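Any value given below was found using the heavy atoms of this structure, including those in side chains, with hydrogens, waters and symmetry copies removed. Note that the structure is a prediction, hence the values are computed from the model and not measured. Residue numbers start from 1 in every chain, and the chains themselves are labelled A, B, ... in the order their sequence lines are given, proteins ahead of strands.
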Amino acid sequence: MKKSVQNAVKKQIDSEFILEKPKDLSFGHYATPLAFSLAKELRKSPMIIADELCLKFSEASVFESVTAIKGYLNFKLSDKFLNERATVAIKENLEFAKGEKNETILLEYVSANPTGPMHIGHARGAVFGDTLAKIGEHLGYKITTEYYVNDAGSQVEMLGLSVFLAGVDKYTNKDVQWPEEYYRGEYIYELCDEAKEEFGKDIFLDEKNISKLSTWGKDKMLFLIKENLKMAGIEFQNFVSEKELFKSWDASYEKLKAKDALYEKDGKIWLKSSKMGDEKDRVVVREDKRPTYLAGDIIYHDDKFQREYHRYINIWGADHHGYIARVKSAIHFLGYDENKLEVILSQMVALLKGGEPYKMSKRAGNFILMSDVIDEIGSEALRFIFLTKKSDTHLEFDVELLKQQDSSNPIYYIQYAHARINQVFQKSGKSVDDVIDVELKELDEDSKNLLFTALLLPEILEDAFESRQLQKLTEYLRNLAASYHQFYNKHKIVGSDNEDELLKLSSLVATSIRVGLSLMGIEAKSKM
RNA sequence: GCGCUCGUGGCUCAAUUGGAUAGAGCAACAGACUUCGGAUCUGUAGGUUAUAGGUUCGACUCCUAUCGAGCGUGCCA
């Protein structure tokens with residue numbers, strides 16, 4: 001819709017212009033502050049320029065009127081144009097707002113270590129990434145989703161050690177020397193019970209079995225993580241193993257060496273990342289020849305860029321922000337355009353329950369488990385709450401509020417609007433097909449605004465995706481639902497003179513809500 | 001100390017990325033069912049956008065300083 005307007009305006013005006021939505025719909029559907037920027041150059045007041053520009057549009061058929069108010073140029077769309085749009089949208093149904101893009105994107109997210117169950121902080125990035133992918137695909141981008149499994153480093157060894165020590169503690173007479181760092185939480189003991197079932201308790205007698213337990217435990221945890229993700233309705237296309245990637249470490253290493261990006265000092269190999277804006281150079285290979293975690297990401301991004309996507313998006317926890325510079329510098333040294341990589345940070349989450357801090361799970365070792373929260377409030381409410389906030393700000397929410405089934409719970413508010421429309425159709429005894437060909441005309445002001453708002457979905461999706469600010473979608477749906485509830489309270493639909501028109505309008509609203517919710521992974525109910 | 005992110009009604013968040021009178025929800029108060037679902041709607045109240053300067057037609061948004069918060073500042077991942 002926005003594009004049609006842009007084209008219509010372009011025909012009359014030569015200069016670059018920005019199209020925006022006016023603060024108040026009574027001004028018009030679209031507006032441009034173009035006159036302000038021209039004021040300097042033409043040495044005339046913005047108001048006069050706007051008046052002059054206005055006259056050029058007297059003939060355009062898309063617009064019902066074009067007016068100049070306080071320097072702004074306001075465009076009001078014609079009924080005919082809006083009606084055509086509505087008919088198409090309703091027919092498209094779930095395909096509404098679909099687009100075509102010739103761009104491939106590799107989206108990496110979650111990538112939680114396979115050393116324990118997912119906690120609530122992981123969940124935020126997971127929901128955000130999944131929804132970003134769904135919206136992107138709807139808009140026509142070719143998106144590959146990927147999970148980077150850190151199955152190589154010392155964390156996985158620590159998992160094995162923790163399980164082993166738990167086994168020694170529980171199934172042998174030996175005293176346990178607990179190290180300073182190990183994984184706590186009852187899930188370690190659960191794992192150790194499982195290990196005993198599978199291998200017999202003798203496995204806890206010999207320390208040589210630790211590495212076996214590491215690999216075994218990592219697989220268990222990865223399986224658990226996939227289960228957790230499924231609970232939230234999330235599935236990945238690829239899982240990439242850090243361990244597997246290390247097989248091609250030599251190739252990446254040689255590349256960096258050839259670019260003069262490495263040097264040796266104190267028996268270690270360093271990356272000259274400070275040359276590319278990092279605070280300091282970083283070690284990639286330790287004295288004992290073991291590569292660092294950064295080495296893993298170097299290979300991974302080398303691998304990613306060899307697959308030649310147009311864009312790369314990583315969603316990382318906010319505590320990784322210091323890590324961006326070094327990965328980007330590595331990408332640069334590898335000979336790729338580091339600007340193709342975009343990192344979205346997902347901030348911490350604090351949970352409340354009835355105003356009190358949410359009880360941490362002992363099972364997880366004093367983290368809040370994602371699965372516990374989903375059991376309590378459901379995956380849809382969890383998804384919704386994460387999507388109503390910008391990803392890069394701290395978020396605090398109370399699970400009690402999301403359990404309430406009334407207006408304080410926005411997800412019900414939106415679903416209720418959708419269900420309501422369904423009920424109205426039932427009451428009328430008509431179907432969408434019965435009213436699709438009716439022409440929407442001479443609607444009152446409220447109905448016209450509702451019509452226009454419902455048609456905004458495509459550009460809202462575009463905007464939400466491009467700016468990576470998915471809260472724009474939830475905000476839009478809330479607004480649309482509110483407009484419908486207001487409309488419903490004001491107008492009697494069934495049995496009115498223009499029943500078919502109002503039904504068609506309702507159907508359009510339902511379509512937008514349905515598409516929007518489904519992209520967020522939420523079902524649009526036809527009955528509450 | 002340095003770096004990054006941020007600071008908006010009592011609470012949780014928006015604000016078309018520099019645009020029109022800073023908007024929603026919750027909580028509070030006052031109202032609306034002979035009507036298609038009241039899981040709704042209509043009102044009222046609540047703001048010097050942390051503070052002080054600056055940039056310009058125009059600033060919550062950009063710049064500088066100060067105050068405050070979170071994170072980072074491993075050869076952990």
Side-chain angles (χ1 to χ4, degrees), chain A residues 18-24 27 30-33 35-37 39-40 45-46 69-72 74 111-113 115 150 152-156 158 181 242 266-270 278-280 282-288 290-297 317-325 345 347-348 352 355 385 388-390 392-398 401 404-410 412-413 415-417 419-428 459-460 463 467 469 471-472 474-475 478-479 481-482 484-496 499 502-503 506 527-528:
Chain A
I18 302 164
L19 215 51
E20 52 191 35
K21 274 168 249 158
K23 265 255 147 43
D24 189 337
F27 288 133
Y30 291 94
T32 178
F36 290 100
S37 45
K40 224 179 212 173
S45 119
I69 304 169
K70 285 165 82 178
Y72 284 85
N74 297 299
S111 301
N113 289 343
T115 54
N150 298 126
S154 58
Q155 304 282 347
V156 172
M158 197 154 87
E181 282 189 62
E242 182 186 9
D266 305 332
K268 303 152 204 170
I269 312 281
W270 299 70
D278 198 4
E279 287 171 46
K280 52 183 181 184
R282 307 287 173 176
V283 173
V284 287
V285 183
R286 303 178 179 94
E287 250 172 304
D288 59 9
R290 281 164 48 236
T292 62
Y293 178 71
L294 178 59
D297 253 317
D319 52 342
H320 282 62
H321 71 242
Y323 200 72
I324 299 172
L345 296 178
Q347 266 291 0
M348 306 292 139
L352 298 174
I385 190 74
T388 55
K389 323 285 172 180
K390 270 191 282 211
D392 63 352
T393 52
H394 296 262
L395 162 66
E396 187 175 272
F397 71 92
D398 196 317
L401 291 180
Q404 293 171 18
Q405 307 210 343
D406 59 25
S407 62
S408 62
N409 190 343
Y412 281 92
Y413 185 84
Q415 280 177 329
Y416 182 41
R420 213 167 212 183
I421 292 166
N422 206 274
Q423 298 298 306
V424 171
F425 264 95
Q426 276 201 353
K427 194 87 178 181
S428 73
E459 54 209 77
I460 297 290
D463 187 20
S467 64
Q469 298 188 2
Q471 82 279 2
K472 290 184 178 186
T474 48
E475 204 196 330
R478 219 218 149 266
N479 273 335
Y484 191 78
H485 287 310
Q486 283 161 26
F487 166 81
Y488 175 93
N489 270 276
K490 245 189 215 172
H491 301 265
K492 171 101 180 147
I493 299 170
V494 178
S496 68
E499 176 179 312
L502 299 184
L503 282 172
S506 299
K527 224 181 183 177
M528 300 296 281

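In B:rG53 the O4'-C1'-N dihedral to the base is more than 90° from 0, which defines an anti nucleotide. Classified by its glycosidic torsion, B:rU42 falls in the anti category, the angle being over 90° from 0.
Summarising the geometry, the separation between OH on A:Y416 and C1' on B:rA39 is reported as 6 Å, rounded to the nearest angstrom. If you take CG of A:D319 and P of B:rG74, they are 14 Å apart, rounded to a whole angstrom. Atom OH in A:Y412 sits about 18 Å away from atom P in B:rG38, given to the nearest Å. Between the CD atom of A:Q415 and the C1' atom of B:rG37 there is a distance of 15 Å, given to the nearest Å. One atom, CD of A:E499, and another, P of B:rC36, lie 14 Å apart when rounded to the nearest Å. Atom P of nucleotide B:rG3 and atom CD of A:E279 are separated by 9 Å, given to the nearest angstrom. Separating the CG atom of A:L19 from the P atom of B:rU16 is a distance of 15 Å, rounded to the nearest angstrom. Whole-Å rounding puts the A:Y488 OH to B:rU40 C1' distance at 8 Å.
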Pick out the pairs of N or O atoms, protein on one side and nucleotides 32-35 of chain B on the other, that lie under 3.5 Å.
unit_1: B:rU35; atom_1: O2'; unit_2: A:K492; atom_2: NZ; d: 2.9

Under 3.5 Å, N/O pairs linking protein and nucleotides 10-15 of chain B:
unit_1: B:rU12; atom_1: O2'; unit_2: A:K389; atom_2: NZ; d: 3.1
unit_1: B:rC13; atom_1: OP1; unit_2: A:H394; atom_2: O; d: 3.0
unit_1: B:rC13; atom_1: OP1; unit_2: A:E396; atom_2: N; d: 3.3
unit_1: B:rA14; atom_1: OP1; unit_2: A:K390; atom_2: N; d: 3.1
unit_1: B:rA14; atom_1: O2'; unit_2: A:E475; atom_2: OE1; d: 2.5
unit_1: B:rA14; atom_1: O2'; unit_2: A:E475; atom_2: OE2; d: 3.0

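Look at the C1' atom in both B:rU5 and B:rU61: the space between them is 16 Å, to the nearest Å. Taking atom C1' in both B:rA59 and B:rG18, the straight-line distance is 7 Å, to the nearest Å. With P as the reference atom, B:rC67 and B:rA52 are 15 Å apart, rounded to whole Å. To the nearest whole angstrom, the two C1' atoms, one in B:rG70 and one in B:rG10, are 23 Å apart. Comparing the C1' positions of B:rA14 and B:rC57 gives a spacing of 27 Å, expressed to the nearest Å. With C1' as the reference atom, B:rG47 and B:rU51 are 16 Å apart, rounded to whole Å. The same atom, P, is picked in B:rG7 and in B:rU12; the two are 13 Å apart, to the nearest Å. Between B:rG37 and B:rU49, the two P atoms lie 46 Å apart (nearest whole Å).
For B:rC76, the OP1/OP2 oxygens have no side-chain nitrogen or oxygen of A:R282 closer than 4.0 Å. Put simply, A:R478 has no side-chain N or O that comes within less than 4.0 Å of OP1 or OP2 on B:rC26. OP1 or OP2 of B:rC41 has at least one side-chain nitrogen or oxygen of A:Y413 nearer than 4.0 Å.
RNA chain B contains the following stems of three or more consecutive Watson-Crick or G-U pairs, with both distances under 3.5 Å: B:1-7 with B:67-73, B:10-13 with B:23-26, B:28-32 with B:40-44, B:50-54 with B:62-66.
Residue-level contact check: A:H321 touches the bases, meaning some heavy atom is under 4.0 Å from a base atom. Counting non-hydrogen atoms under 4.0 angstrom, A:S428 reaches nothing in the nucleic acid. Residue contacts for A:Q486: at a heavy-atom cut-off of 4.0 Å it reaches the sugar-phosphate backbone alone, with no base atom in range. A:A31 comes within 4.0 angstrom of a base, heavy atoms only.
Partners of A:F487 under the side-chain contact (heavy atoms from CB on, under 4.5 Å) rule, at least two apart in sequence or in another chain, are A:S447, A:L450, A:Y484, A:H491, A:I493, A:L502, A:L505, A:S506. The side-chain contact (heavy atoms from CB on, under 4.5 Å) search around A:S111 returns A:E108, A:Y148, not counting sequence neighbours. Here A:N113 pairs with A:T115, A:N150, A:Q155 under the side-chain contact (heavy atoms from CB on, under 4.5 Å) rule; sequence neighbours left out. Applying the side chain to side chain donor-acceptor pair (under 3.5 Å) test to A:K390 and every residue at least two apart in sequence or in another chain returns nothing. By the ring-ring contact (aromatic ring centres under 6.0 Å, His included) test, A:H321 pairs with no residue at all, sequence neighbours left out. Partners of A:Q347 by side chain to side chain donor-acceptor pair (under 3.5 Å), not counting sequence neighbours: none found. Partners of A:Y293 according to the ring-ring contact (aromatic ring centres under 6.0 Å, His included) rule, which considers only residues two or more places apart in sequence or in another chain, are A:Y323. Every side-chain contact (heavy atoms from CB on, under 4.5 Å) that A:E459 has, sequence neighbours left out, goes to A:M1, A:K2, A:K21, A:Y30, A:L456. Every residue two or more places apart in sequence or in another chain was checked for a side chain to side chain donor-acceptor pair (under 3.5 Å) with A:N489, and none qualifies.
To the nearest 0.5 Å, atom CD of residue A:E475 and atom NZ of residue A:K389 are 11.0 Å apart. To the nearest 0.5 Å, atom CG of residue A:D266 and atom CD of residue A:E287 are 7.0 Å apart.
At a threshold of 4.0 Å, the pair A:D288-A:R290 counts as salt-bridged, since one of the basic side-chain nitrogens sits closer than that to a carboxylate oxygen.
For A:S467, the listed nucleotide lying nearest its side chain is B:rU17; candidates were B:rC36, B:rU17, B:rU40.
Atom CD of A:E20 has more than 12 heavy atoms from other residues, nucleotides or ligands within 6.0 Å.
Although no hydrogens or angles enter the test, the distance criterion places no donor-acceptor pair under 3.5 Å between the side chain of A:H485 and the main chain of A:Y416.
On a pure distance criterion of 3.5 Å, no polar donor-acceptor pair joins the side chain of A:H320 and the base of B:rG72.
If A:N74 and A:A482 are placed on RNA chain B by their nearest nucleotide, the residue sitting closer to the 5' end is A:N74. Each of A:V424 and A:R286 was matched to the nucleotide of RNA chain B holding its nearest heavy atom; the match closer to the 5' end belongs to A:V424.
The aromatic ring of A:Y72 does not sit over the base of B:rG19; the criterion of centres under 5.5 Å apart with planes under 30° is not met.
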